[in-house]
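Scroll down for the structure; my scribbles are underneath it.
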Amino acid sequence: MVKMLDLDRHAECPLWAALASSDVPWTGMDYACLNVLSIYCKVFDRKEIYDLIVRKTCQSCKCPREAHAIYQQQTTNVHERLGFKLVSPADSGVEARDLGFTWVPPGVRASSRINRYFEQLPDEMVPRLGSEGACSRERQISYQLPKQDLSLEHCKHLEVQHEASFEDFVTARNEIALDIAYIKDAPYDEHCAHCDNEIAAGELVVAAPKFVESVMWHPKCFTCSTCNSLLVDLTYCVHDDKVYCERHYAEMLKPRCAGCDELIFSGEYTKAMDKDWHSGHFCCWQCDESLTGQRYVIRDDHPYCIKCYENVFANTCEECNKIIGIDSKDLSYKDKHWHEACFLCFKCHLSLVDKQFGAKADKIYCGNCYDAQFASRCDGCGEVFRAGTKKMEYKTRQWHENCFCCCVCKTAIGTKSFIPREQEIYCAGCYEEKFATRCIKCNKVITSGGVTYKNEPWHRECFTCTHCNITLAGQRFTSRDEKPYCAECFGELFAKRCTACVKPITGIGGTRFISFEDRHWHHDCFVCASCKASLVGRGFITDGPDILCPDCAKQKLM
């Protein structure tokens, strides 16, 4: 039987690095069985490889032996593995390799029917040559059809007095339960025995000889009732009208040792970790010493003897530098560990178990010693911060929680908002009361959108015309006697009036006007009463309430 070693999967393992060394021609070597490989290792003094073969786990990486992927290169024949009589090539259908597969359903000659069958399986389960499906099939054969369940010659741990019981079990299983299914076209409409969905007449299905003809499965539904995996090469066992792989069928009738993976026919065995074990096979995951009747520790779902657990996993005490065994309480702080008796103050050596403590420079101290040497003081009361006391900090200052309060109302601030001013802390309310800008009109705090007039603050809505109360924010305005007025009110109340149009002359916006004696005119209104010519910058003659240009005055006199 050709076997190869898959070195890539465990490239980090030193043991497999040794396997890959150029002086040992491992890849492609032919071995009749693992016994030949073990002899080879002894002859060439490769003890580390031999240990891997006879141990259930790898000494270096702790993987199970089968995880190191020693797999079969040639096509495995399930009939040979089960000990069934081989059918002749003429009855077996087509040669699987000719179609590019490592296995095809038995008795099928048409490649189209074979392809129809495989099309209904998940792609990763189709056993094409050189594919993951082919590797998966090999793994499933080893898992679902363990050799130690099938033949006495593969049982390494079966006592002589129980060999007859094993043979009786094999005979009864082969006659009553074990068989190989086949594929056929459904003769009529039916429902799948697994998913209960409809099977149409003519549809390709799986049939099992140990069931009546009407019981059929979709190809993807022909799975073990326990592990729900596809039954490899259509090999099944029947129990209580359900189909199982041989492994789980056997485990319903006999306990299986979790150490050697063989069925237990002895009445005496060990139950531990919710598993069954031969009495001598419940061993330490590290050293393989038997744990039956011994104390052990479970770590990552694996059992360890006390010595190995303490050597591999136990922490070292920071004080005495000795292992903290499983019988000692392990006290930890951050990444450091202590025996209970070693958890002491570095200064006074007082036990710190169930007491407050402080840490400084990788040392631990009781509250008093820590305070005396390292504790800072509260900026409020001046007292030290005791070990474990909650501390409030702002910039370079720090307070006890109760001391961090408003300097006016003395209310604890805690996590509320606050306002610092010089060296004092104020709550928002007291700060506004004492320092916030207030409107000159309503005396309320201006929180946003204020207006400044004559260096005094106003709310926008409070800054209004003294006469009509219209808001002046963003508007043109002027003042009179320190009071603001809108342009319209100011003109009506205080501005000179034009002799010509009688409208107020406000002067806002750069309006020019002319005054003469007690009379005033807008720039545009200062015109001759007769010809309406502008008199701005020209001589004029008064005629009672009117003003005339010299020409019009001369005509009037003549």
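Note that these values count all heavy atoms, side chains included, but never hydrogens, waters or copies made by symmetry.
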* Closest approach of Glu246 and Cys237, non-hydrogen atoms and distance? -> CA-SG, 3.9 Å
* Asked: Can you tell me if Glu262 uses its side chain to pair, donor with acceptor, with the backbone of His157 under 3.5 Å?
  -> yes
* Structure fact -> Minimal heavy-atom distance between Pro106 and Ala181, with the atoms involved, is CG-O, 4.0 Å
Sequence neighbours left out, cut at 3.5 Å: what donor-acceptor pairs do the side chains of residues 189-201 make with other protein atoms?
from, atom 1, to, atom 2, distance (Å)
Asp189, OD1, Ala201, N, 2.8

* To do: Could you tell me whether the side chain of Trp277 and the main chain of Ala272 form a donor-acceptor pair under 3.5 Å?
  => yes
* Asked: Salt bridge or not for Arg128 and Asp123, using N-O below 4.0 Å?
  -> yes
* Asked: Tell me, do Ile264 and His278 make a side-chain contact under 4.5 Å, heavy atoms counted?
  -> yes
* To do: Would you please classify the geometry between the Tyr236 ring and the Phe211 ring as parallel, tilted or perpendicular, with 30° and 60° separating the classes?
  => tilted
* To do: Take the angle between the ring planes of Phe404 and Trp399 and call it parallel below 30°, perpendicular above 60°, tilted in between.
  => tilted
* Looking only at heavy atoms, what is the nearest atom pair of Thr223 and Lys220, with distance? -> CG2-O, 3.6 Å
* To do: Flag the pair Tyr333 / Phe343 as yes when their ring centroid distance falls below 6.0 Å, and as no otherwise.
  => no
* Asked: With a cut-off of under 6.0 Å to the ring centre and 45° to the axis, is Arg299 in cation-pi contact with Tyr309?
  -> no
* Asked: Is there a donor-acceptor contact under 3.5 Å from the side chain of Thr171 to the main chain of Asp168?
  -> no
* Asked: Given side chains that start at C-beta, do those of Val232 and Val78 come closer than 4.5 Å, heavy atoms only?
  -> no
* Please confirm whether the backbone N or O of Leu263 pairs with a side-chain atom of Gln148, one donor and one acceptor, at under 3.5 Å? => no
* To do: If the plane angle is over 60° it's perpendicular, under 30° parallel, otherwise tilted; pick one for Phe169 and Phe166.
  => tilted
Can you list, pair by pair, the side-chain donor-acceptor contacts under 3.5 Å of residues 315-327, counting residues two or more places apart and other chains?
from, atom 1, to, atom 2, distance (Å)
Asn315, ND2, Asp330, OD2, 2.8
Asn315, ND2, His337, ND1, 3.3
Asp327, OD1, Arg295, NH1, 3.0
Asp327, OD2, Arg295, NH2, 3.1

* Asked: Is any NZ, NE, NH1 or NH2 atom of the basic residue among Glu132 and Arg139 found under 4.0 Å from an Asp or Glu carboxylate oxygen of the other?
  -> yes
* Indicate yes or no: does Glu153 engage Lys147 in a salt bridge with an N to O separation below 4.0 Å. => no
* Structure fact -> Which of Arg247, Lys254, Arg256 passes side chain to side chain donor-acceptor pair (under 3.5 Å) with Asp149? It is Arg256
